[in-house]
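Worksheet for the structure shown next.
Atoms within each ligand, like the ligands themselves, are counted from 1 in listed order.
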Amino acid sequence: MFRSASFLLTLSLAVCFSATAATKAIKFGKLWDGHRVIANAVVIVDDDKIRSVAANGAIPAGVQTIDLKSFTGIPGMIDMHTHVTYYWSGEPGTSPRRQGPRHVAITVVLSQRNGMKALEAGVTTLRDLNASGGADMDLRDLINMGALVGPRLFVSGAGLHGLPKITDMNEKVAEQIKATKAVIAAGADWVKIFGSTGGFDNVTGDQTVSYEEMKAIVDEAHAEGHKVAIHSYGPAGARDAIRAGCDTLEHATDMDDATIAEMVAKKIWYVPTIDHNQYYVENADDVYKFPAGAKENLNDYIRRNYVTAQKAFKAGARMLVGSDAVYNGFGLNMRELTWFVKMGMTNEQAMQTATVLPAEALGMEKSLGSVAPGYFADIVAVQGDPLSDIQVAIKNVRWVMKGGAVVVDKTSKSGVRPD
Ligand SMILES: [Zn+2]
């Protein structure tokens with residue numbers, strides 16, 4: 001008995017030893033930690049967390065050193081609105097919305113490819129807002145288990161819709177509360193409400209979920225410790241989403257001054273997803289085969305979306321990057337930053353909409369969005385300086401560490417090389 005106990009003790013010490021040994025030192029010529037620039041930064045990583053960050057910091061003897069002195073380090077970026085389970089093979093003769101049905105297990109495996117595209121774009125965290133069959137939760141859990149490589153996921157499961165067949169408001173509200181409880185019980189981190197029409201080439205924004213229903217869903221979710229994202233393409237759904245006290249408002253054109261003022265006063269996050277429709281314009285003919293007139297409608301929507309978002313920004317709204325990435329849009333996740341800079345943000349303000357601010361919106365401000373001691377070692381190396389050229393954060397990602405593991409390495413000719 002004694003012998004086997006001591007054998008077990010030796011074994012557990014061996015496991016501890018190998019965990020302690022996973023210390024890495026990363027050297028950056030320049031590091032933007034989410035708040036400030038540190039020249040000649042040395043980041044020490046223990047397992048999945050950051051131990052220290054210091055200019056010209058000492059490197060402990062014997063640890064693996066990763067030399068990224070010719071790059072700028074930034075925090076792993078966060079995309080607050082994606083659809084990672086929307087996968088398209090790109091095969092000739094198919095289009096994203098004309099694909100055969102898939103078993104959920106196949107969807108999960110294929111979704112990982114979208115997740116890898118996001119990682120290659122420097123995005124180490126996604127908030128994913130609508131998936132069927134629990135594919136988003138499965139992918140999240142498999143990634144967290146280490147069984148698959150991918151970004152950290154905060155997911156909503158299937159979004160909640162309006163209930164046009166029910167006419168009685170009390171009954172509608174009761175059904176929406178039931179649906180909220182069900183999606184949370186199934187494992188959703190966030191609750192998503194489709195508060196209006198609109199999506200793909202459809203840019204209508206007709207409200208589909210009433211204020212009473214939104215309020216009931218928000219109150220139920222908050223009582224259970226979960227947050228709510230409300231999709232509204234148009235102003236009526238947005239006004240009621242803000243009145244109901246959602247946590248993030250998605251898309252939303254043509255908001256009036258009173259709605260914007262209430263959003264600012266309540267500190268509700270605004271995720272305008274402007275670039276998403278630009279992506280649709282670029283892919284309208286060859287990929288999506290949208291009908292005639294679609295591009296004109298999309299361009300008109302983009303213009304209104306931009307004007308509304310700029311008005312909100314000038315009024316003090318807290319804004320976040322959401323790509324609304326679907327299908328071949330993965331990899332373009334950070335293009336929204338171009339719009340944010342165009343509307344008047346400094347490059348640093350724009351970079352914060354993809355790092356420290358979404359971390360706060362997720363309730364993860366003590367562990368994500370910054371390169372700082374105690375935070376997850378989600379770190380990206382870019383070629384150039386995103387504080388002087390925002391395109392650097394969008395197009396020049398060369399190396400990505402997620403939770404202390406190198407998941408993308410394009411610093412040499414080897415291309416992508418997962419750890
Ligand atoms: Zn979306």
- Query: When you draw lines from the Zn ion (ligand 1) to NE2 of His83 and to NE2 of His81, what angle lies between them, to the nearest 10°?
  - Reply: 110°

- Could you pull out the atom name of the N/O/S atom in Asp324 that is nearest the Zn ion (ligand 1)? OD1

- Over 12 foreign heavy atoms within 6.0 Å of NZ, Lys172: yes

- Message: Is it the case that atom NZ in Lys366 sees more than 12 heavy atoms from other parts of the structure closer than 6.0 Å?
- Response: no

- Message: Quick check on the Zn ion (ligand 1): does His231 put an N/O/S atom closer than 2.8 Å to it?
- Response: no

- Answer yes or no for Glu250: is there an N/O/S atom below the 2.8 Å cut-off from the Zn ion (ligand 1)? no

- Task: Classify the side-chain pair Thr82/Asp128 by whether it contains a donor and acceptor separated by less than 3.5 Å.
- Result: yes

- Item | Minimal non-hydrogen separation, Glu250 against Met80, with atom names | OE1-O, 4.5 Å

